[in-house]
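All values reported here derive from a predicted model rather than from experimental measurement. For the numbers below, each heavy atom of this structure counts, side chains included, while hydrogens, waters and symmetry mates do not.
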Amino acid sequence: MTHPFHIVDVFAERPYAGNQLAVVTHADDLSDETMQQIATEMNFSETTFVYTAPERDGGHRVRIFTPAREIAFAGHPILGTAWVIREQIAPGSSAPVRLNLAVGQVPVTFETAADEAETAWFQAPQVTSGATCGREPVAAALGISPDDIETTPPIQQMTAGISAMIVPLRSLDALRRCKLDLDVFAPLARQGFPSLVYLFCRETHHARNDLCVRFFFEAHGVREDPATGNGAAFLGAYLLEHPILPGSSLSLRIEQGYEMNRPSLVRLRAGTADGTPEVSVGGRVIPVIQGDLL
């Protein structure tokens, strides 16, 4: 069986921006070990593998690997993989593309704006809030002062398949100075806090945007994401629980990736329906490379 692959930039407003994703199709005969080796070779934050035929529920089975391990949920792989499925596996369909992930089925829809720019959207699985943490140990692990971190809302762990820590910062300057030190973070890890840290502030590079964020995670050392969909989903649930922004529903433009020279734009919608939180994350998908694995 041949294994075509596609590289797409997700949450990108132009090619070679946003977050890179490699999508390998017709992955039915690939072993877990081979998938991991391919993801390590690609060396993007995630690589996805799509099985050939839809499953009985109409969803496409998809597995997500970082360079270090398989994970259950990640945002930009959902959008980028759905785009590739629509273009290469189920062309011409206007129905939502349904991905069967380890966290369950996630539908992806596509909206076209007046300027003809298309945005892909996924509705996040249920996000649960967890333990909170003091400012001092987190500030030390990030190389900043505790005074750089907001006192309210809290630093809090959020979970949907995987977990991340949400850290509210006071300024763009503080955001720029952050760098995760895993050795200093180790005592927090022993307490059960994940070494995935999503930082945000209300100061932005561009006035049109609402928040600026960064995301650090561990994969063969510390890596940084230029755009993070699952982090935005965590943030949406967090902001519904800690309403520091006006309004009972949110529609936000989130900028990311400037420190990496890969500017990104993540869209976030969050609100409640019949008392249940609903969070959706969107962004553009731009294809840049296609080929075949040898």
When you check the gap from the basic side-chain N to the acidic O, do [X] and [Y] get nearer than 4.0 Å?
X      : Y      : result
Arg269 : Glu111 : yes
Arg177 : Asp148 : yes
Glu150 : Arg202 : yes

Determine yes or no for a side-chain-to-main-chain donor-acceptor pair under 3.5 angstrom, with [X] supplying the side chain and [Y] the backbone.
X      : Y      : value
Asp9   : Tyr16  : yes
Thr228 : Asn230 : no
Thr272 : Gly275 : no
Thr40  : Pro67  : yes
Glu55  : Asn100 : no
Asp210 : Ile254 : no
Glu203 : Arg170 : no
Asp57  : Gly59  : yes
Arg262 : Pro226 : no
Gln156 : Gly130 : yes

Does some side-chain heavy atom of Phe122 sit less than 4.5 Å from a side-chain heavy atom of Leu99?
-> no
So, do Leu169 and Ile149 sit near enough that their side-chain heavy atoms are less than 4.5 Å apart?
-> yes
All pairs passing salt bridge (charged side-chain N to carboxylate O under 4.0 Å, His left out) where residues 218-227 contributes a residue, at least two apart | Arg214-Glu224
One should read off an interatomic distance between Tyr198 OH and Ile155 CD1, to the nearest 0.5 angstrom, of 15.5 Å
Side-chain polar contacts of residues 75-85 - donor-acceptor pairs under 3.5 angstrom, sequence neighbours left out - could you list them?
residue	atom	partner	partner atom	Å
His76	ND1	Asn19	ND2	3.3
His76	ND1	Glu46	OE1	3.4
His76	NE2	Gln20	O	3.1
Thr81	OG1	Thr48	OG1	2.8
Thr81	OG1	Pro77	O	2.5

For the residue pair Ala74 and Ile64, what are the closest heavy atoms and their distance?
-> N-CD1, 4.0 Å
Do [X] and [Y] sit in one hydrophobic cluster, given that two such residues count as connected whenever their side-chain heavy atoms are within less than 4.5 Å of each other, even indirectly?
X      : Y      : value
Phe215 : Leu199 : no
Leu245 : Val167 : no
Val62  : Ile7   : no
Leu268 : Val106 : yes
Leu101 : Phe49  : no

Polar side chain donor-acceptor pair, Thr204 to Glu255, under 3.5 angstrom | no
List for me each residue that meets salt bridge (Lys or Arg N to Asp or Glu O under 4.0 Å) alongside Asp32, sequence neighbours excluded, and say none if there are none.
-> Arg63
When the ring planes of Tyr258 and His206 are compared, do they come out parallel, tilted or perpendicular, using 30° and 60° as the limits?
-> tilted
